[in-house]
Amino acid sequence: MEKLKKGNVDNLKLKFIDNVVWVLLLIGIVVFIILKPTYFNPFTNMGLYLNIPMQASVMGVMTIGLAGTILLGDIDLSCVGIMSVSAAVGILLFKTSHVPVPVAIIAILLMGGLLGFVNGVLIAKLKAVALIETLAMNTTLAGVVLAITRGRTITINEKAYTAVGQGKLFSTIPYLVIIFILIYILMYFVWNRTPLGRSLFVVGGNAKCARVSGINVDKIRIMAFTISGLMAGLAGLMLSSKMGSINSVFGSSYSMDIIAAAVIGGTSLAGGIGKVSGVLGGVLLLNFVQVGLQVFGMDSYYVQAATGLIILLAVLIDSFRIRLANKE
Amino acid sequence: MEKDIILEVEHIDKNFGKTCALKDASFSIKKGSIHSLVGKNGAGKSTIVNIIAGVYRQTSGDITFEGMSIGHLSFKERQDMGIRLVTQHASVVLDLDVAENIFLGLWPKNKARLVDRRLMHENAQKILDEYGLKVDPYELVRKLTPVEQRKLNIIRAMFGGGKLIILDEPTTSLSIEDRNNLFRFVRHHAEHGVAFILISHYLEEILQVSSEITVLRDGRVYSGNMEQGSTSDKEMELAKLIAGEDVELTYRNKDKKVSEEVVVKCEGISAKFLESTDFQIHRGEIVGFVGFSGSGARELCLALYGMIKKKSGKVTVCGKETDIKSPTDALKYKICLVPNDRHAEGIVPIMSVKENIGFSCLRTSLLGRFGLLDRRKETALAEDFVKRLAIKTQSIYATSGSLSGGNQQKVVLAKVLAVNSTLLILDEPTIGIDIKSREEIMGLIKELTNEGMSVIYLTNDFEELLRIVDRVVIFSEGKIVGNMKNENLTSDMIVNIRDRRTL
């Protein structure tokens, strides 16, 4: 009987850890309300909470793409590089070559997807180690962005372009939030209901078994990195049109945030485990904490330190989950 | 208490939650004996050895070692007393050398607190001489043969006062020659006073080597010692005791007519370790492949399935010429493979039984509307196979890692059968599986070939092979050296043909 109870306790613990991100989010909200009731009271200052999805949208779109590669047991460190290069190329297209804005938007997405595809081919076919390959890709792309912008800020005056990031549907819901939600619904279906999504889990869980079972492992890898690149491109579009400009450090603050959000959201770095809803929770948690700390007037450098701590926490939780799951 | 008894297990009960894993288990182990534990998967073999070694704590009862009660001692304390557990998967570090492995964690240090490599290798040489293993202490363990690696593992358990060595399935995936070799080694040390507990599924080898046999069935202990009778009689009797009922061995129908229709035809196929070979298999035929590793038997299977690169040759499936470069391609022609290493290649342990069964049909039969997986079909498929193969699992949603070995293998089998294959390649499908599951699996294979599926059966268990296959193909040094109908064949004949060229 004692063992049964213990087994149940372990199961409960696993359940708890799988959803720990929502618990943390709740704790965060409660703590902030206690510390500064006037500001964080959801009844009097609803706007603060409604603003979170808007804040989170760009980063959220990137994170779900990245999470797909973590699911494989790999990682994509080139998201920010792909994001800024795609956006820069698209903007140059309509600013200097006078290409129509919608065409430039498509070009941004294609550029993101293409760079992700290149990552995928190098990793799947040429067996480059994902960690270093994507890091190299990121450094390369960061250099390209510097070359394009020459360290200056390029402002965007085209209303058709900035409407995506600044406009609202029926003047209430920002387009960015709509994109954010649609992408997560789409990804939910991709992860849970398509052969591609299932294959991601199989490859991450046991790549050898996936191959013997007839799953085209290389193709799945390439697809995951292509999606990650595509999402990064989309995020680049969203952020540049929201800010109305790009510069050489465009989006660089996201580089660690997205990893933190994916991992605290329950995507196991060992591969094979993860949920779209968990990633969403991770994205919301990270944004809430960052907004909250800024409200307290905390220096942005400390906010970055807080992000680092969240990653540390996430990695520890991940290792704890693996140990718990491996117990007989 | 008798003087020569080294370990006494007294009325051990062990409950895991509601399940009772062991009920009033008592037996004793004599000094210098080889004591075998046999039973189905989940009968309690692992549980009892883990209790003896101190990994689990018993619910009630006690264990006495050399007259001292040790029921309350930890794993480490028991290890120091001389109870050593050698686990199923060889736990050697492949990229360290022999001496480093022997002293793993106990490396002798010199004055500067650095590892004294010279002293270590000298001591290792002494130990190797003492235990009679002829390998160079400087050799990398990766370069040793599998049987040498296992011996090394056993030596590591024995040296420094090992008195009771527990061997958990030490012969899995060894050839018959290697098994005999390993047992000579074990028996030699038993004669010098070390006691062994042996867990194995091979009844033949158990009857050969053990001094006592204990059978575990549903957590209860039965004596499996048999006084007289021929080996095959004893084996039959032991099998009955293990299963708790008569196990019906699967035999091919003697009057089976194999269809003339050629399903898969290879012409001049070659790969690494495989010279240009012709081979064909008929509809509904079971062909047994025999050969040492590196002889070309496994290589032909893997090349056919696209796991390794074909150097040359043409493969025709049902009259259509194919270009199979990967398992994904092979699946398109309905060629399937059950891999030899279930843990590494067969299942994804963290995913559910249901998901595992569907792996090979994600883009075919399970694909529903809008490119989405048909969840109802997936559930139905899994439920159907769990019933048909009698897979013991809490539900189809349980993780496949939580099942016993035999049931995991059934999940692998379900996965490939879900494809409705034309040709099924089985690479040692019954390794590490209890007799009942084994016969169930073999019976199922027989049944499916009657419905028109063809099977390549790769195994080194000749007894099993000869009971079920229609034809035997023997490989040696990359060539087919024998290809004959299974009529009046014996294991000895196969061995002779296989070794004729190597002798």
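Values below: all heavy atoms of this structure, side chains included; hydrogens, waters and symmetry mates excluded. Chain identifiers are assigned alphabetically (A, B, ...) following the order of the sequence lines, protein sequences preceding nucleic acid strands; residue numbering begins at 1 within each chain.
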| request: Show your reasoning for whether ring-ring contact (aromatic ring centres under 6.0 Å, His included) applies to A/Y188 and A/Y184. | output: CA-CA 6 Å; A/Y188 176 82; A/Y184 270 71; over 10 Å; no
| How would you list, in number order, the residues of residues 362-372 of chain B that have a heavy atom less than 4.5 Å from chain A? | B/L362, B/R363, B/L367, B/G371, B/L372
| query | Out of B/T59, B/L331, B/I347, which one racks up the most heavy-atom pairs below 4.5 Å with chain A? | reply | B/I347
| Qualifying residue, where the test is side chain to side chain contact (heavy atoms under 4.5 Å, CB included) with B/K410 and the options are B/V386, B/I391, B/T393 | B/I391
| request: Would you mind checking if B/D329 and B/K332 are paired as a salt bridge, meaning a charged N to carboxylate O distance below 4.0 Å? | output: yes
| message | Whether B/R342 and B/E428 form a salt bridge (side-chain N of Lys/Arg under 4.0 Å from carboxylate O of Asp/Glu) is what I want to check. | response | no
| query | Given A/D76 and A/S228, is the side chain to side chain donor-acceptor pair (under 3.5 Å) satisfied, shown in steps? | reply | CA-CA 8 Å; A/D76 186 355; A/S228 181; 2.8 Å; yes
| field | chain A contact via B/M351 - which portion, at a heavy-atom distance below 4.5 Å | value | side chain
| note | Assert top hit (heavy-atom pairs under 4.5 Å, partner chain B, pool A/G205, A/G204, A/S213) equals A/S213
| request: Output the option from A/G272, A/G197, A/S199, A/C209 having the highest count of non-hydrogen pairs under 4.5 Å with chain B. | output: A/C209
| task | Establish, from distance only, whether the side-chain atoms of A/S268 and A/D318 form a donor-acceptor pair under 3.5 Å. | result | yes
| field | Chi angles and distances behind the salt bridge (charged side-chain N to carboxylate O under 4.0 Å, His left out) call for B/E378, A/R198 | value | CA-CA 12 Å; B/E378 196 185 9; A/R198 182 65 59 79; 2.4 Å; yes
| query | With distance as the sole test, does B/N407 use its side chain to make a donor-acceptor pair with the main-chain N or O of B/L403 at under 3.5 Å? | reply | no
